[in-house]
Novice: 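Please find one structure pasted underneath; my questions will follow.
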Amino acid sequence: MRLIIDCDPGNGVAGANVDDGLALALAIAAPQINLELITTVSGNTPSEVGFSVAHTLVKRLGLDIPIRRGASQALIEPPAPWRDRLDHGVERNGLTTLWHDVPAPKMAKHEAPMAAHAIGELICNNPGEITLVAIGPLTNIAHAIQLYPDLAKSVAEIAIMGGVFNVDGYIKDTNFGVDPEAAHVVLTSGANITLVPMDATTQTQMVHQDLDRIAAINSPLSAYLTETIRPWINYSMQTRNLPGCWIHDALVVAWLLDNSVATTSSLFVDVVLEGKLARGTTWGCDPDNLRLDVGIPRPEGRPVKMLKDVDNKKLLDIIYFHLSHFH
């Protein structure tokens, strides 16, 4: 499986989610996957920070995977309101100490934001062969679709972590909320899409005992994950009252490796673009029950495959199996 991962990784950054790094690690470790390109977008972390996080991981493993920096802000919306929220209150609440013994990612030299071109060229030069994993805001993917009109029909699949339908406390998720216009462009592009919403990813859980098991593998990759995930678990336990942490993005890669990790359904999906509160929220309708007779227009694009019920034990076993066989 030839893969591009577009992400906003935060491993080693105080207060930033680490699930992108776990997804990258799983893709690197799995022999069924050839990770050909990593691109970064502003979301969980600014794109230049994510770029440095990805460089740190790849360099520590001695690998040669191309990394391209992407968009620094959404298609039309200024970054300030979301950037303020994504601080997570770590400094304000005195939680930076959770990361006191975790080396910060080495800041890599910033390059021009060429992610959209790299994505478009790789996919369009290899029609039907490349799967695109999009686990951050969809700005880079939307840019690539706009720049390369053949991308939607050339990509084998776009597997997206984004959207939320019915999760307590979440009107919208970060990935679609940061850039609703980009989400709309991608979801209605006509590409073959699998959607992994928060409704599925909040069924995942990694606790300290799971991380202890990974630590015992005693490889450079397991050491990196243990070092960077441990403080995030503690942070999630303190601020979200969870027994561990959600591992949203890792579910996307695990599902590509083993479809039995979750059940699926088919749904037309789009995001709301108007209204201060509604903007960025996700809506969907069943393709088998479209009521065109009552004036509801047919959604654009085509139905997406959406993950529903998740087997968390199987997810953790998939992650452990591949990490334990990678050296």
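Note that these values count all heavy atoms, side chains included, but never hydrogens, waters or copies made by symmetry.
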Novice: Please tell me if the side chains of Met198 and Lys172 come closer than 4.5 Å, counting only heavy atoms from C-beta onward.
Specialist: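 With C-beta onward as the side chain, the pair stays apart.
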Novice: For the CG atom of Leu211 and the OG atom of Ser222, what is their distance to the nearest 0.5 Å?
Specialist: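 OG of Ser222 is found 9.5 Å from CG of Leu211.
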Novice: Please confirm whether Phe326 and His322 have ring centers closer than 6.0 angstrom.
Specialist: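 Aromatic pair excluded; centres sit 6.0 Å or further apart.
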Novice: Does some side-chain heavy atom of Val185 sit less than 4.5 Å from a side-chain heavy atom of Leu138?
Specialist: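 No, too far: nothing below the 4.5 Å cut-off.
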Novice: Would you say the side-chain atoms of Ser47 and Arg69 include a donor-acceptor pair closer than 3.5 Å?
Specialist: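 A pair is found: one side chain offers a donor N or O, the other an acceptor, under 3.5 Å apart.
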Novice: Side chains of Arg279 and Glu77, heavy atoms from C-beta outward: is any pair under 4.5 Å?
Specialist: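 Arg279 reaches Glu77 side chain to side chain.
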Novice: Within a reach of under 6.0 Å around CG of Asn218, are more than 12 heavy atoms found that belong to other residues, nucleotides or ligands?
Specialist: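 Incorrect, the count does not exceed 12.
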Novice: Report yes if the side chains of Tyr148 and Ile119 come closer than 4.5 Å at any heavy-atom pair, otherwise no.
Specialist: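 Tyr148 vs Ile119: side chains apart.
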Novice: Do His248 and Thr174 touch side chain to side chain, with heavy atoms closer than 4.5 Å?
Specialist: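 No, too far: nothing below the 4.5 Å cut-off.
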Novice: Closest heavy-atom contact between Ala108 and Ser52?
Specialist: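 Distance-wise, the nearest heavy atoms are N-OG, 2.9 Å.
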Novice: With a 4.5 Å cut-off on side-chain heavy atoms, are Thr263 and Leu307 touching?
Specialist: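 Not in contact.
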Novice: So Leu256 and Met1, side chain to side chain contact (heavy atoms under 4.5 Å, CB included) or not? Walk me through it.
Specialist: CA-CA 9 Å; Leu256 292 173; Met1 188 187 306; 4.0 Å; yes
Novice: Can Ile160 and Val252 be said to form a side chain to side chain contact (heavy atoms under 4.5 Å, CB included), step by step?
Specialist: CA-CA 7 Å; Ile160 299 168; Val252 183; over 6 Å; no
Novice: Indicate yes or no: at least one non-hydrogen side-chain atom of Arg2 is less than 4.5 angstrom from one of Asn126.
Specialist: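 The answer is yes; the side chains approach within 4.5 Å.
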Novice: Has Arg213 got its NZ or CZ under 6.0 Å from the middle of the six-membered ring of Tyr320, at an angle within 45 degrees of the ring axis?
Specialist: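 Cation-pi check for Arg213 and Tyr320: passes.
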Novice: With side chain to side chain contact (heavy atoms under 4.5 Å, CB included) as the test, pick out the partner of Asp20 among Ile135, Thr40, Val53, Leu57.
Specialist: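 For Asp20, the side chain to side chain contact (heavy atoms under 4.5 Å, CB included) check succeeds only for Ile135.
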Novice: Do Ile158 and Leu147 belong to the same hydrophobic cluster, where Ile, Leu, Val, Met, Phe, Trp and Tyr are linked whenever their side-chain heavy atoms lie under 4.5 Å apart, directly or via other members?
Specialist: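 Ile158 clusters together with Leu147.
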Novice: Determine whether Val41 and Met107 fall in the same hydrophobic cluster, where Ile, Leu, Val, Met, Phe, Trp and Tyr are linked whenever their side-chain heavy atoms lie under 4.5 Å apart.
Specialist: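 No, it is not one cluster - the side chains of Val41 and Met107 are not joined through contacts under 4.5 Å.
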Novice: Please report the C-alpha distance between Lys308 and Thr264 in whole Å, then the side-chain angles of each, then the deciding distance to 0.1 Å, and finally whether the side chain to side chain contact (heavy atoms under 4.5 Å, CB included) criterion is met.
Specialist: CA-CA 5 Å; Lys308 289 183 66 180; Thr264 61; 5.9 Å; no
Novice: Of all heavy-atom pairs between His184 and Val271, which one has the smallest distance, and what is that distance?
Specialist: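 That would be N-CG2, 3.8 Å.
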Novice: Surrounding CD1 of Ile171 (heavy atoms of other residues, nucleotides or ligands, distance under 6.0 Å), is the total greater than 12?
Specialist: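 Counting other residues, nucleotides and ligands, CD1 of Ile171 stays at 12 neighbours or fewer.
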Novice: What closest approach, in Å, do Met161 and Asn175 show between heavy atoms, and which atom pair accounts for it?
Specialist: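 Scanning both residues, the minimum pair turns out to be O-ND2, 2.8 Å.
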Novice: So, does Asp199 use its side chain to make a donor-acceptor pair with the main chain of Asn166 at under 3.5 Å?
Specialist: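 Indeed, once roles are kept as given, a pair shorter than 3.5 Å links the two residues.
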Novice: Under a 4.5 Å side-chain heavy-atom rule over Ile, Leu, Val, Met, Phe, Trp and Tyr, are Met306 and Ile141 clustered together?
Specialist: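 Result: yes, single cluster for both.
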Novice: Could you tell me the separation between the OG1 atom of Thr56 and the CZ atom of Phe51, rounded to the nearest 0.5 Å?
Specialist: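 These two atoms lie 10.5 Å from each other.
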Novice: Using modelled atom types and a 3.5 Å cut-off, is there a donor and acceptor pairing between side-chain atoms of Asp173 and backbone atoms of Pro197?
Specialist: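 No: the side chain of Asp173 does not pair with the backbone of Pro197.
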Novice: Restricting to non-hydrogen atoms, name the atom on Gln205 and the atom on Asp210 that form the minimum distance, rounded to 0.1 Å.
Specialist: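 What the structure gives for the nearest pair is O-OD2, 4.0 Å.
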Novice: As a test of understanding, state which of Asp19, Asn17, Leu24, Ile5 forms a side chain to side chain contact (heavy atoms under 4.5 Å, CB included) with Asp249.
Specialist: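 Testing each of Asp19, Asn17, Leu24, Ile5 against Asp249, the sole residue satisfying side chain to side chain contact (heavy atoms under 4.5 Å, CB included) is Asp19.
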Novice: As a quick check of understanding, evaluate side chain to side chain donor-acceptor pair (under 3.5 Å) for Trp283 and Asp270, giving each step before the final call.
Specialist: CA-CA 6 Å; Trp283 66 272; Asp270 202 350; 4.5 Å; no
Novice: Identify the heavy atoms of Val178 and Ser42 that sit nearest to each other, and give their distance.
Specialist: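 So the minimum-distance heavy-atom pair works out to CG1-O, 4.3 Å.
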Novice: Check the pair Asp179 / Thr139 against side chain to side chain donor-acceptor pair (under 3.5 Å), numbers first and verdict last.
Specialist: CA-CA 7 Å; Asp179 196 344; Thr139 316; 2.8 Å; yes
Novice: Look up atom CD in Glu300 and atom CG in Leu187, then write down how far apart they are to the nearest 0.5 Å.
Specialist: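 Glu300 CD to Leu187 CG: 10.5 Å, rounded to 0.5 Å.
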Novice: Got a second to check how far Leu37's CG is from Glu121's CD, nearest 0.5 Å?
Specialist: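 One gets 10.5 Å once the value is rounded to the nearest 0.5 Å.
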Novice: Walk me through whether Leu3 and Ile130 qualify under side chain to side chain contact (heavy atoms under 4.5 Å, CB included).
Specialist: CA-CA 6 Å; Leu3 225 63; Ile130 308 295; over 6 Å; no
Novice: Would you say the side-chain atoms of Thr201 and Thr204 include a donor-acceptor pair closer than 3.5 Å?
Specialist: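 Their side chains do not contain a donor-acceptor pair, so the 3.5 Å distance test is not met.
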Novice: Between Lys59 and Asp64, does any side-chain N to carboxylate O distance fall below 4.0 Å?
Specialist: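 The answer is no: the pair does not qualify as a salt bridge.
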Novice: Which residue is it: Leu122, Leu35, Thr131, Ile38? I am looking for the one with a side chain to side chain contact (heavy atoms under 4.5 Å, CB included) to Ile4.
Specialist: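 Running side chain to side chain contact (heavy atoms under 4.5 Å, CB included) over Leu122, Leu35, Thr131, Ile38 with Ile4 returns exactly one hit, Leu122.
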Novice: Determine whether Leu98 and Ile247 fall in the same hydrophobic cluster, where Ile, Leu, Val, Met, Phe, Trp and Tyr are linked whenever their side-chain heavy atoms lie under 4.5 Å apart.
Specialist: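 Result: yes, single cluster for both.
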Novice: Do His55 and Ile67 have side chains that get closer than 4.5 Å, going by heavy atoms?
Specialist: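 The answer is yes, as the side chains (C-beta and beyond) meet within the 4.5 Å cut-off.
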Novice: Mind listing the closest non-hydrogen atom pair of Pro137 and Asp8 along with its distance?
Specialist: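 What the structure gives for the nearest pair is CD-OD2, 3.5 Å.
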Novice: Quick one: do Asp6 and Asn140 satisfy side chain to side chain donor-acceptor pair (under 3.5 Å)? Show the steps, please.
Specialist: CA-CA 8 Å; Asp6 184 74; Asn140 289 339; 2.8 Å; yes
Novice: Measure up the Phe321 and His325 rings against each other and bin them: parallel (under 30°), tilted (30 to 60°), perpendicular (over 60°).
Specialist: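 Tilted: the ring planes of Phe321 and His325 meet at 30° to 60°.
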Novice: Drop me the distance from Asn241's CG to Ser236's OG, to the nearest 0.5 angstrom.
Specialist: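 That separation rounds to 10.5 Å.
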Novice: Examine the side chains of Ser260 and Lys314 and answer whether a donor and an acceptor come within less than 3.5 Å of each other.
Specialist: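 Per modelled atom types, Ser260 and Lys314 side chains form a pair under 3.5 Å.
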Novice: Salt-bridge test for Glu157 and Lys305: reply yes if a basic N is under 4.0 Å from a carboxylate O, no otherwise.
Specialist: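 Judged by the 4.0 Å cut-off on N to carboxylate O distance, Glu157 and Lys305 do not form a salt bridge.
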Novice: Between atom CG of Leu22 and atom CD1 of Ile229, what is the distance when rounded to the nearest 0.5 Å?
Specialist: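 CD1 of Ile229 is found 4.5 Å from CG of Leu22.
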Novice: When you compare the side chains of His208 and Asn234, does any donor N or O come within less than 3.5 Å of an acceptor on the partner?
Specialist: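 A pair is found: one side chain offers a donor N or O, the other an acceptor, under 3.5 Å apart.
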Novice: State plainly whether one hydrophobic cluster holds both Val207 and Ile318, where clusters connect Ile, Leu, Val, Met, Phe, Trp and Tyr through side-chain heavy atoms under 4.5 angstrom apart.
Specialist: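 No, because Val207 and Ile318 fall into different hydrophobic clusters, even though each may have its own neighbours under 4.5 Å.
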